[in-house]
Amino acid sequence: MRANFILSEVWIGLRRNLTMTIAVIVTVAVAMALLGVGLMINAQVGLMKTFWSDKVEVSVYLCKKDSPFPTCKATPKGVSAAERGQLQQQLGALPQVAQVLFEDQAMAFENFKKTQSANSILAQVVEAKDLPESLRVKLKDPEQYQAVIDAAKGMKGVSTVIDQRAQLENFFGMLEKLRYAALAVALILVLAAILLIGNTVRLSAFNRRRETGIMRLVGASNLYIQLPFVMEGMIAGLIGGVVAAIMLIVAKVFLFEGTTSAFAVNSQLGWDSVAEVITLTMVIGVVICVLASFVTLRRYLRV
Amino acid sequence: MRANFILSEVWIGLRRNLTMTIAVIVTVAVAMALLGVGLMINAQVGLMKTFWSDKVEVSVYLCKKDSPFPTCKATPKGVSAAERGQLQQQLGALPQVAQVLFEDQAMAFENFKKTQSANSILAQVVEAKDLPESLRVKLKDPEQYQAVIDAAKGMKGVSTVIDQRAQLENFFGMLEKLRYAALAVALILVLAAILLIGNTVRLSAFNRRRETGIMRLVGASNLYIQLPFVMEGMIAGLIGGVVAAIMLIVAKVFLFEGTTSAFAVNSQLGWDSVAEVITLTMVIGVVICVLASFVTLRRYLRV
Amino acid sequence: MIHFDNVTKVYANQNRPALDHVSVDVDKGEFVFLVGPSGSGKSTFLRLILKEEKPNSGAIHVAGKDLARLSNFKVPHLRRRIGCVFQDFRLLPNKNVYENVAFALEVIGKPRRFIRKVVPEVIELVGLEGKAHRMPDELSGGEQQRVAMARAFVNRPMILLADEPTGNIDPATSIGIMKVLDRINRTGTTVVMATHDAAIVDSMRKRVVELEDGKIVRDQSRGVYGQAY
Amino acid sequence: MIHFDNVTKVYANQNRPALDHVSVDVDKGEFVFLVGPSGSGKSTFLRLILKEEKPNSGAIHVAGKDLARLSNFKVPHLRRRIGCVFQDFRLLPNKNVYENVAFALEVIGKPRRFIRKVVPEVIELVGLEGKAHRMPDELSGGEQQRVAMARAFVNRPMILLADEPTGNIDPATSIGIMKVLDRINRTGTTVVMATHDAAIVDSMRKRVVELEDGKIVRDQSRGVYGQAY
Ligand SMILES: Nc1ncnc2c1ncn2[C@@H]1O[C@H](COP(=O)(O)OP(=O)(O)OP(=O)(O)O)[C@@H](O)[C@H]1O
Ligand SMILES: Nc1ncnc2c1ncn2[C@@H]1O[C@H](COP(=O)(O)OP(=O)(O)OP(=O)(O)O)[C@@H](O)[C@H]1O
Ligand SMILES: [Mg+2]
Ligand SMILES: [Mg+2]
């Protein structure tokens, strides 16, 4: 059993079954590229979530003078510096809270102007003294905002509590849907790919059943008969994986960089995660091909 | 050439080449489902664009008393009712303009409260009299806003002109990207499907070349030899189309209805467009199968 | 019935012709043995009659038709009038014996009733009664050859071509097959049979055409197999 | 060398056995003709020796090994010591004549130098010199049979099985083939040959085993083909 004879058999097989080989390559490439995009969307959504979650804080607005909020009835003159310090301490003592910062009217106005830039008229009508002061509460775990909100709401001098997360929830809901849809499509495609590749290998074995039958009768061993098929599958899988990798890199450059910059998010998917995804899809592609070959051949190439 | 003999041949062919048939069905189903999703995303994006475009107007803000805008220097006391009427006429005379409506401070405040509901603090600090009056200009063709903006900017008593479109541009940019990405993926898949189906049919023909060779030598006509293949392809294509249709309906219910409601858009893709997409993909699927069969057989089944 | 006029056939990529300026006339109702060593062009001669191959030069007329002028569209009609037993049988591997024989009738659109009557008769004629429902790969070599035989003459063709129809059959069965061929020939069918079986050729005393290296070296009206044996 | 002990073989879904309580002993270096009518079980007998089929009952020993106890893993090694000419040739359709013959050596790992020397010799031996680079479908039936022949004995097997090796060959070439077989036999190779060719059997005067309906009806040490002819 000389290696170069086997290799030449593999080469002949690949060339003769060129359409087969192309079919496997196309199937692997398409399925793996879409699986890769799915995984990348998944990673991107994860990144965006943590990016935003990190930024998100609970805003505890303090009562101004003559504030119409019912909770401000107790402090008609607004919150004094001492009261504010007390609040700050109380909030900081909560187990979920990481940090409490004070935002005075000037800072609030700055932030307001930044976020309202698109609507320049408002920036003209609102003045710093119109805006309420607030305490910005950073959480240890962004998911545990409810307890903090509940606690803060009962405190004296607090007009209202706003969790920015609520405003992002819709957006996140959509992202989650996108993530699941992408993964579902990718999964269906991988299943389809397994089916198609298994089928292709089976056809290939079926086409050559006469040949393999002759090989057996001439005394070729099982390994010898199966090896070319499995190696053909592996090579086709590898080529398909490379094509998929190219498609993924293109997707990364044109799709992801474009979209995320449109979202004004600097939580770009790094090249390292892309490399990870490519490696993963490549391995999956080759493993699928080899497994499909083996399982199929078990049935077709009995002694 | 009896019809029921041919049908029985087709049935035998489909059953014997069951894995072939399944391969074609899976290929058609996946490719057509993704093409369908692509087309639906395309339609959805189109719908959303027109929905928003329709809603979008050019807002021409009028100068208030003591307005800090440099263009308001000429009218330090604000715009009088007569001047406002004149402006309204001037704008209405522009060829691109469909309608000009006046929004007074009370209406502006209403709208403001509606759009700012998420940020309840602002609603507390802004009063009706803080807000500027404006003329809301509806355009005949939403694309031609630039000319209107340019014209309005030069008019006396106008503080600033805002095209809401500019605010939506980012969002639309993303939608466009999404649309093109979806169509590109769908196109790749359709090409892959054509390749895979052509390949499958060719293998099927190749597998049966002995049989078809015998048929020819026994005196079967070309049509008689090719018909079963083409019909097999057609039936497989049809079944694949049906599977794709089911997948599209599922996508419509779970994906699109979910996402669009998350966007708070009531420009839902109607069932009629879904039906259109399904019909289209089905026809494409069957045509691909039949064409792939025919072209492939041309080469393989010569007399 | 069959006229070869100076026919030469060189297969692609070959330098030696498989048939070399061959001219033969076979009349209606004749029985012709085609003999000659292996590779002398017997199968090629039969393939040309079926228009399975095309000659490089020369004209072939079969049943009054010039094959060179016959459009591809008309070829099936020609073939329906020619029965053929191939050297490698060419049975449909996915149909059983009955279906294989019936196939030749179904292709030309015979009614089912007719098929049900004729096919079992022919199967019995070649001695395969009781094996009608076997698949080809469940038959011995000789049995497969007899199925091919049955398929070739089930539709009573005008011309019957047989390429070594007794190559894999024992002498006793061969004699039976030859009797059938003779009977078919007596009903007016032209029979052309390529064979190596000296005993059969010698016993039948029919016209013998001998090929060697693609050339006709003998054409004898009541001939024997030859000198080699 | 080959011992059949009360072997019965019934193919799946058949009621009549293809071989029916057959007991035969073939010694090392013997030359045995297997004769009998079509469908009598000759090919089945050969297939059992190769372990291509398994018997329903009885024991088969080949080269001292009990086939029933031989693991699947060991079967290839057995087959490498047995050369076989199949009734339907079984050439690899995608390899040319040279490669088909060389294949039997490559499978068992012979060095390339050896292959280059031996293969052309064997091709010449069967009279196919100059056709080494033809594909099987570019050969006549008899030429294909001779390629199968060459492949079977290129690796000098211990046992040579031949299923109608002269079925498609003209008598002159047949005699050549038989001379080769005889020569191989004289070097110590056991030869079992199924045939219908009465002339050959009669002229060789070797041991004849006759089958009928799966039963051995005759086993003669210097026999002739039989009474039927
Ligand atoms: N498809 C082909 N391509 C190239 N050469 C071919 C082809 N078919 C046959 N030949 C060559 O043409 C010659 C005649 O072949 P043919 O099959 O007609 O012989 P034959 O008389 O039928 O022989 P046999 O008795 O062995 O069947 C042979 O030398 C053969 O090698
Ligand atoms: N795979 C199979 N399945 C079922 N029956 C079979 C199978 N192979 C052979 N047979 C039957 O077994 C019997 C013996 O077949 P075998 O091939 O051994 O005959 P043979 O002596 O070689 O005949 P021939 O001279 O025609 O080749 C025949 O009746 C045949 O129909
Ligand atoms: Mg021939
Ligand atoms: Mg046999």
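Every value quoted in this text rests on a predicted model; they were computed, and no experiment measured them. Chain A is the first sequence line, chain B the second, and so forth, proteins listed ahead of strands; every chain is numbered from 1.
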Is it the backbone or the side chain of D/Arg16 that comes under 4.5 Å from a heavy atom of chain C, or both, or neither? side chain

Using a 6.0 Å cut-off, check whether atom NZ of D/Lys215 has over 12 heavy atoms from anything other than its own residue. no

Check each atom of [X] against the heavy atoms of chain D and say whether the ones under 4.5 Å are side chain, backbone, both or neither.
| X | value |
| --- | --- |
| C/Glu138 | side chain |
| C/Lys131 | side chain |
| C/Glu164 | side chain |
| C/Gln144 | neither |

Among C/Asp88, C/Thr173, C/Ile169, which residue has the highest count of heavy-atom pairs closer than 4.5 Å to chain D? C/Ile169

So which of C/Ser174, C/Ala12, C/Gly142 has the largest heavy-atom pair count under 4.5 angstrom toward chain D? C/Gly142

So, does C/Asp170 use its side chain to make a donor-acceptor pair with the main chain of D/Ser38 at under 3.5 Å? yes

Distance check, rounded to the nearest 0.5 Å: C/Thr166 atom OG1 versus D/His196 atom NE2? 10.0 Å

Spacing of CG belonging to C/Asn13 relative to CZ belonging to D/Arg134, to within rounding of 0.5 Å: 10.0 Å

From the list D/Gly41, D/Ser140, D/Gly141, D/Pro37, the residue making the most non-hydrogen contacts under 4.5 Å with chain C is D/Pro37

